[in-house]
Asks: 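Pasting in a structure now, in structure tokens, and then I'll have a few things to ask.
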Amino acid sequence: MTATPDEPAAGAATEIRYRPMRAEDVPTCARVLKAAIDDYSGRLNQPPIPADLGPVERIIAHVLATDPARAWVGVADDGVGGGERVLAFANAYVRGGTWYLAALMVHPSVQAAHVGSALMDRAQAGFEPAPGMAIPSPDAPLDTGLTSWGMSTDALQPISNALYAKRGIIARVPAWRMGGEVRRWSAFPRLPAGLRLVPFEAVAGDGPTGAERLEAMVAELDQEVLGFAHPQDHGWMAREGRLGFLAVDRGDGRALGYAYGSGTGRVGPVAAADPALHPSLIGIAIRETPVLGPVATWVLGSSDEAMRALLDAGLRYDGLPGLFCWSHDRHPFRRYLPAAMAII
Ligand SMILES: CC(C)(COP(=O)(O)OP(=O)(O)OC[C@H]1O[C@@H](n2cnc3c(N)ncnc32)[C@H](O)[C@@H]1OP(=O)(O)O)[C@@H](O)C(=O)NCCC(=O)NCCS
């Protein structure tokens, strides 16, 4: 039996054990996330995160399903009937040579007792490390083949930022959530004449090999821009109802950019071989997916053209910025707007 984390543990210092995350832990992990974030953001007079944890659960479940070795929970005895309660979790994923942390959350009742560090060790390793064993890290990737390590954080959260920076994954770029209605469409010019707009579904639906061809076109661009292909995350975007659009070279048929829009107004991810294409790509995502209401996206401080086009269009900064951390300064966020903070 797994108890909920909502009540703080009673009695003396809680002893935490670690084990791989299971699918049935996901709803409890989402509640740990809400408890952990609301606790510190409440102290900063920030509003709580939404009560509907469905989207959070779907992200945790996706990351778990695509890299189960890097999803771990910290559990304690629940004090009744030999059951356990999940009080902390980490889930990270590897795509190509990149390791990315989707979430690290520790219930407020057991914070500052090295639970977060212990979970990071396991999420970095992908296995239960024996005492004294070296953990793969940006300084010593061992035999993992990993070359880049990253995550996003909150700008006002010194503990997580310090925990990651000590491990060589340093906050480098601010990320603004931008939202609002488009007031000046001229901020989003049409594609240059040499490129044409093609919806993902037009490629995927074009004959028996269409889906394969789409995956290959997107993977080639992701490899160039991000350094890795991630068809599993494109699958998640499709399941979340996001619609993708390609900017295709009329000459050689290569994809030079893509952008996702959504009926909920969420824009992103956006990838471009040349960031000068970002304003056109964002415009395509918004024009091609009719939305009743405002649009919203994450824009990083390294995406000059996208940021300026969105401000020019009339969107506004919304809330406090996040930070993207990366293990070196050749991060991909000049040419890439992420899907979300937890899944790039
Ligand atoms: C952030 C969080 C995951 C860390 O887990 P934790 O178990 O509390 O942290 P740990 O005890 O393992 O480690 C914290 C480290 O940060 C260090 N630290 C704390 N505040 C610091 C500061 N202002 N500057 C530098 N280092 C600091 C601590 O000294 C400790 O390092 P040490 O082990 O070398 O002494 C946890 O506090 C949490 O869930 N917070 C709320 C939700 C959240 O912000 N999650 C991360 C979102 S990005």
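Keep in mind it's a predicted model, so treat the numbers as computed, not measured. All ligand and atom numbering here is 1-based and tracks the order in the structure.
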Asks: Got a sec, which hydrophobics cluster with Ile159, joining ILVMFWY side chains under 4.5 Å apart, including via others?
Replies: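 Joined to Ile159, directly or through intermediates: none.
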Asks: Are Tyr164 and Trp149 near enough that their ring centres are under 6.0 Å apart?
Replies: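 Not close enough - the centres of the two rings lie 6.0 Å or further apart.
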Asks: If the plane angle is over 60° it's perpendicular, under 30° parallel, otherwise tilted; pick one for His230 and His234.
Replies: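 Perpendicular: the ring planes of His230 and His234 meet at over 60°.
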Asks: Would you say the rings of Trp176 and Tyr317 are close, in the sense that their centroids are separated by under 6.0 Å?
Replies: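 So the answer is yes for these two rings.
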Asks: Compute the centroid of each ring, for Tyr260 and then for Phe245, and state whether the two points are separated by less than 6.0 Å.
Replies: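 No, too far apart.
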Asks: Parallel, tilted or perpendicular: which fits the ring planes of Tyr258 and Tyr336, with parallel below 30° and perpendicular above 60°?
Replies: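 If you compare the ring of Tyr258 with that of Tyr336, the planes turn out perpendicular.
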Asks: So which residues, sorted by chain and number, lie with a heavy atom under 4.0 Å of ligand 1?
Replies: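 Heavy-atom contacts below 4.0 Å: Ala36, Tyr40, Leu104, Met105, Val106, Gln111, Ala112, Ala113, His114, Val115, Gly116, Ser117, Ser152, Thr153, Gln157, Pro158, Ile159, Ser160, Ala162, Leu163, Lys166.
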